[in-house]
Amino acid sequence: MPSNSSLLTLNRKLAHLTRANRYSDALQFFTQSQSQSPKPDHYTISTLITATSNLAHITFGNQLHAYAIRTGLKAFPHVSNTLLSLYAKAQDLNSLNWVFYEVQNPDVYSWTTLLSAYTKLGCVEYACHLFDKMPLCCNVAIWNALITAEMNLGSFLMEFLEQESKLASHWKNTTKHRGNLLIFK
């Protein structure tokens with residue numbers, strides 16, 4: 001039976017290859033070492049999904065998603081978030097929504113990935129609708145996703161921001177501006 005150290009070695013090697021943008025090598029290493037390696041854990045799956053999404057290899061990504069569901073690893077937030085990235089990059093909004101709405105407590109990364117995917121595909125109105133449903137957890141990345149979408153479509157966010165006085169006041173009460181530095185309280 002493989003030891004925890006062999007799982008750690010596997011995860012380190014996969015992480016190293018993925019960080020070096022050697023996504024094909026990471027998937028190949030995993031495939032070749034599967035017979036001697038321990039059962040993948042949530043770090044393994046998350047790293048493999050990252051490699052898969054960067055290669056736009058949606059079929060293998062779907063297989064990893066199914067494995068994460070079968071083994072309960074999808075419950076780990078970083079696994080769900082890498083699945084969101086996979087489907088966002090693949091422009092698969094149905095799967096993206098399905099994963100997002102199954103996340104117990106979506107974090108800022110989850111919301112940003114969802115909003116960015118919709119804005120990049122030109123669904124700005126729906127992204128604004130999602131933004132309205134979002135809990136009050138303003139984040140620069142989320143604002144940037146919406147502003148970028150608005151700029152790319154040639155319109156501005158001013159009307160939307162005026163309607164969102166509660167968010168604007170929350171933003172004002174939770175941040176301080178110091179030069180170009182934005183500090184969260």
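Please read all numbers here as calculations on a predicted model, not as lab measurements. The first residue in the sequence is number 1, and the count goes up from there.
Considering only heavy atoms from C-beta on, S116 stays 4.5 Å or farther from T113 through its side chain. Looking at H42 and K74, their side chains never come closer than 4.5 Å, going by heavy atoms from C-beta outward. Inter-residue side-chain proximity for L10 and T44 is flagged as met; some heavy-atom pair is nearer than 4.5 Å. For the pair S53/T82, no side-chain contact is recorded, criterion being any heavy-atom separation below 4.5 Å from C-beta on. Within the 4.5 Å cutoff, the side chain of I49 has heavy atoms near those of the L83 side chain. Residues T50 and S85 have side chains not in contact (no heavy-atom distance under 4.5 Å, counting atoms from C-beta outward). Under the 4.5 Å side-chain criterion, counting only non-hydrogen atoms from C-beta, K89 is in contact with N54. For the pair R22/T18, no side-chain contact is recorded, criterion being any heavy-atom separation below 4.5 Å from C-beta on.
With values rounded to the nearest 0.5 angstrom, S5 atom OG is found 10.0 Å from R12 atom CZ. Rounding to the nearest 0.5 angstrom, the gap separating the CG atom in D41 from the CG atom in L73 is 7.0 Å.
A donor atom on one side chain and an acceptor atom on the other are found under 3.5 Å apart for H65 and Y87. Checked by atom type, the side-chain pair N62/Y67 shows no donor-acceptor distance below 3.5 Å. With no hydrogens or angles considered, a side-chain donor-acceptor pair links N81 and D107 at under 3.5 Å.
Smallest separation of non-hydrogen atoms from L84 and L96: O-CD1, 3.3 Å. Scanning all heavy atoms of the two residues, the minimum distance from A127 to T119 falls at CB-CG2, 3.5 Å. What you find for L121 and Q91 is that their closest heavy atoms are CD2-CD, 3.4 Å. A26 and L14 get closest at one heavy-atom pair: O-CD2, 3.2 Å. For the pair P40 and I45, the tightest heavy-atom approach, listed with the atom from each and the gap, is CB-CD1, 3.9 Å. In plain terms, the two heavy atoms of I58 and A90 that are nearest each other are CD1-CB, 3.7 Å.
Linking Ile, Leu, Val, Met, Phe, Trp and Tyr residues whenever their side-chain heavy atoms come within less than 4.5 Å leaves Y109 and L130 in two separate clusters. In terms of hydrophobic clustering, with Ile, Leu, Val, Met, Phe, Trp and Tyr side chains grouped at heavy-atom distances under 4.5 Å, W111 and V103 are assigned to different clusters. One hydrophobic cluster, built from ILVMFWY side chains closer than 4.5 Å, holds both L7 and L17.
In this view, K13 satisfies the salt bridge (Lys or Arg N to Asp or Glu O under 4.0 Å) rule with no residue, not counting sequence neighbours.
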side-chain contact (heavy atoms from CB on, under 4.5 Å) between N97 and L114, worked out:
CA-CA 8 Å; N97 280 327; L114 183 69; 3.7 Å; yes
Verdict with reasoning, L27 to L55, per side-chain contact (heavy atoms from CB on, under 4.5 Å):
CA-CA 10 Å; L27 295 179; L55 291 171; 3.5 Å; yes
Checking S46 against F76 for the side-chain contact (heavy atoms from CB on, under 4.5 Å) test, could you report, in this order, the C-alpha distance in whole Å, the side-chain angles of both residues, the deciding distance, and whether it holds?
CA-CA 9 Å; S46 180; F76 289 89; over 6 Å; no
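Side-chain atoms of S80 never come within 3.5 Å of backbone atoms of P77 as a donor-acceptor pair (strictly under, hydrogens ignored).
Remark: Y43 OH is loosely packed, at most 12 non-hydrogen atoms of other residues, nucleotides or ligands lying under 6.0 Å away.
Contacts classified as ring pair (Phe, Tyr, Trp, His ring centres under 6.0 Å) and involving residues 7-29 (residues at least two apart or in different chains) are not found.
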